[in-house]
Amino acid sequence: MIMHIAEFNTPPDTAIKRIVSHLFTTQQCQGVIALSKKPTGEYAYALITDIDTLDAIDPLFPLMPANAGKLISQLTMVQPSTKPLVAILRPCELRALYELVKLEQAHLDNLLIISFTCSGVFSLTTKPADIHDKLPEYREKAKTGDIVPGIRETCTFCEQYIPENADLVLNVAAHENDQKTILVLKTPEGEKAIKGLDTTASHADLESSHAKTILCKRVEHKKQVFSRSTTEKLGWDGLINLFGKCITCRACSSVCPICYCKLCYIDSGEKDTMPLSWERELQGKGALRIPSDTIMYHLVRLLHVGIMCVGCGMCSDVCPVAIPIATIFTKFGHRVQKDMHYSPGKDLTHKIPLTEINPQDFVETAEVAQQV
Amino acid sequence: MRPCEIRSATELAKLRQIDLTNIIFLSVDCAGVIPTKHYISDPEASDDAYAAALNTFSIDDVRSSCTACLHFDLTDVPTDLHIAILGHTATTCTLIPCSDRGTRCMTTMDMIPDQDIQAWQNAIEKQRHKRKEQRTKLFSDILARTSGITELDSYFVDCINCHNCMRVCPICYCRQCFFDSPDATRLESEQYFDRAMAKGGITLPADKLLFHLGRMSHMSLSCIGCGSCEDACAMEVPVAQIFMHMADRVQQMFDYTPGKNVDEPIPALTYKENELHEYEDAKE
């Protein structure tokens, strides 16, 4: 694999704009998808096709109004991009995009991907002005790998903050010099993209000892979060308490990049409760919570997406009743992904487990089941 | 149920989503409800706030839609039996039968309806006056905030297109919303590029405003102003307020009160040759 490294004499956000602008002027792209700042100050993802509007892009701003993998799926599902397009994605968005490609919901043709080492995003309800105030602290802590108050819980323990599959990767998190930007060129397309730009060769590496320190802190924190979240010991009563708050708005599923079904099974006619089954349940219990099946919904979704969960944390962020969905899903996800030797979003050639039969997959699961 | 819930059940019956046979509606004077998010973040304080609201019918802590609700008692609520609590002490109430069914219920319980409900009616009038004032204030505020396309755009700017508002809306009964359907979502990439190139760029997900305006045109005639949409919004967009305002205008235009009478058809389902001429004339 090509791993040439270039160094810019500018901070990362300027470097990104220079790269994209260069791609536009050299006709290597005709559009960019990136988090952008609206003239009114709010942030949203945008598809920008005009070089004069490029100044609006602010992909490093730590906010994720949508998992952009899902947006690229919308754009490229029916038809691969007809024009050369650049997408600037966070690592979990890129992983989601790769899963969506496997699920035949997105195409990578004509797409150049720029990603960066990610220090997490703030909760969605944080106002952009407040995030601006917190940026100095955010950048300081990004260097040490310490937890920034107010960022999504899943970000605090994300171990995959170094993107694997992008054409170009900016080293933002583990880089000490604010005024320089290290750029890793991971593919020939990436090499070609920055040809002609004013850079110097560098020997800095994504896998520096610095990066390892950050990773250690994240791993340590993950242990803490997972041990606090004792979901597996909840039992029925605990599950009822946890998911009983759910108002069945399905926001978690509609923002989930992996939940790509147009009509969720749970909302389909298949799952409608017939008067007879209501009566039967009522005879047994005397009362029934409505809407019913809130636990069923979350457990079914867990089963459907757990193996592919990229841990972006969108679900928790949009839950109006503050159920820690993302923590539960990542904890479960890590476990099944480990059991199935599957790392979502890592490699397009790795088939999604359960889409192919491999008897070996189930040996350990059977052993675990026996232990239980 | 609360009056707005009975009214939405009635709309849903018209939309053939509920069979009202064998259902008796029991309603109660409604002091409004505390926003769910307040309950989640501070259950104890919310319990206190609700107790206070029930006691005094103060509108300080309830959903914005509740503060401007004019259907908090029996007004336009096709209930069978109503529990009047306004103007009563904390330990008393009056049962008011509102249908043959309701009267039968009371007879079965050996209860005779109280003829003197003057104190309740006076309390209702006072409460209605307060909410009317709040309604006028809210609507003029909404009108100012949504008077043009730029204003509308910034009203919904925080929307992340999760469609929570649609999911929890009692009137939005479609199994699959048009805006989630392949017609609306399976577009060719070329179409996105065309639109982006026309103005230099588009925000994604696209058509956020179109979703809200589309939903508004689909359901505002039947909107009963329960405020569930705003309550469920992950981004705290004041959805219910603009929808209530719009509903008020279109419902007046069609002289229609949703949820009032199950036999009164929804205007969009009826054709009258002689209606809305004033709008044609205005156009000419």
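Lettering follows sequence order; numbering is per chain, from 1.
Only the side chain of A:I33 comes within contact range of chain B, judged by heavy atoms closer than 4.5 Å. With a threshold of 4.5 angstrom between heavy atoms, A:L71 approaches chain B through side-chain atoms but not through N, CA, C or O. Of the two parts of A:P80, only the backbone, made up of N, CA, C and O, holds a non-hydrogen atom closer than 4.5 Å to a non-hydrogen atom of chain B. At a 4.5 Å heavy-atom cutoff, the contact between A:V255 and chain B is made by side-chain atoms alone.
Within a 6.0 Å sphere centred on CE of B:M235, heavy atoms belonging to other residues, nucleotides or ligands number more than 12. Annotation: B:D60, atom CG; neighbour count of heavy atoms from other residues, nucleotides and ligands within 6.0 Å is above 12. More than 12 heavy atoms of other shown residues, nucleotides or ligands fall within 6.0 angstrom of atom NZ in A:K83. A 6.0 Å sphere centred on CG of B:L269 holds more than 12 heavy atoms belonging to other residues, nucleotides or ligands. For A:N241, the CG atom is densely surrounded, since the number of other residues' heavy atoms within 6.0 Å is greater than 12.
Residues from residues 161-200 of chain B that place a non-hydrogen atom less than 4.5 Å from a non-hydrogen atom of chain A comprise B:C162, B:N164, B:R167, B:V168, B:R175, B:Q176, B:D180, B:S181, B:P182, B:T185, B:R186, B:L187, B:E188, B:S189, B:E190, B:Y192, B:F193, B:A196, B:M197, B:G200, given in numerical order. At a heavy-atom separation below 4.5 angstrom, chain B is approached by A:K38, A:E42, A:A44, A:Y45 within residues 34-45 of chain A.
A side chain to side chain donor-acceptor pair (under 3.5 Å) check over residues 224-240 of chain B, counting only residues at least two apart or in different chains, returns the pairs B:T36-B:D231, B:R63-B:D231, B:S64-B:E230, B:E230-B:Q241.
With chain B as partner, the option from A:L85, A:L75, A:V78, A:D317 having the largest number of non-hydrogen pairs under 4.5 angstrom is A:L75. Looking only at heavy-atom pairs under 4.5 Å with chain B, the residue among A:T82, A:V32, A:T248, A:V318 that has the most is A:T82. The residue among A:L124, A:I51, A:T76 with the most heavy atom pairs within less than 4.5 Å of chain B is A:L124.
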Side chains of residues 139-146 of chain B: which donor-acceptor partners sit under 3.5 Å, not counting sequence neighbours?
| from | atom 1 | to | atom 2 | distance (Å) |
| --- | --- | --- | --- | --- |
| B:S140 | OG | B:K137 | O | 3.1 |
| B:T146 | OG1 | B:I142 | O | 2.7 |

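Of all heavy-atom pairs between A:V321 and B:I40, the closest is O-CG2, 3.5 Å.
A distance of 7.5 Å separates CG in B:L204 from CD in A:Q74, rounded to the nearest 0.5 Å.
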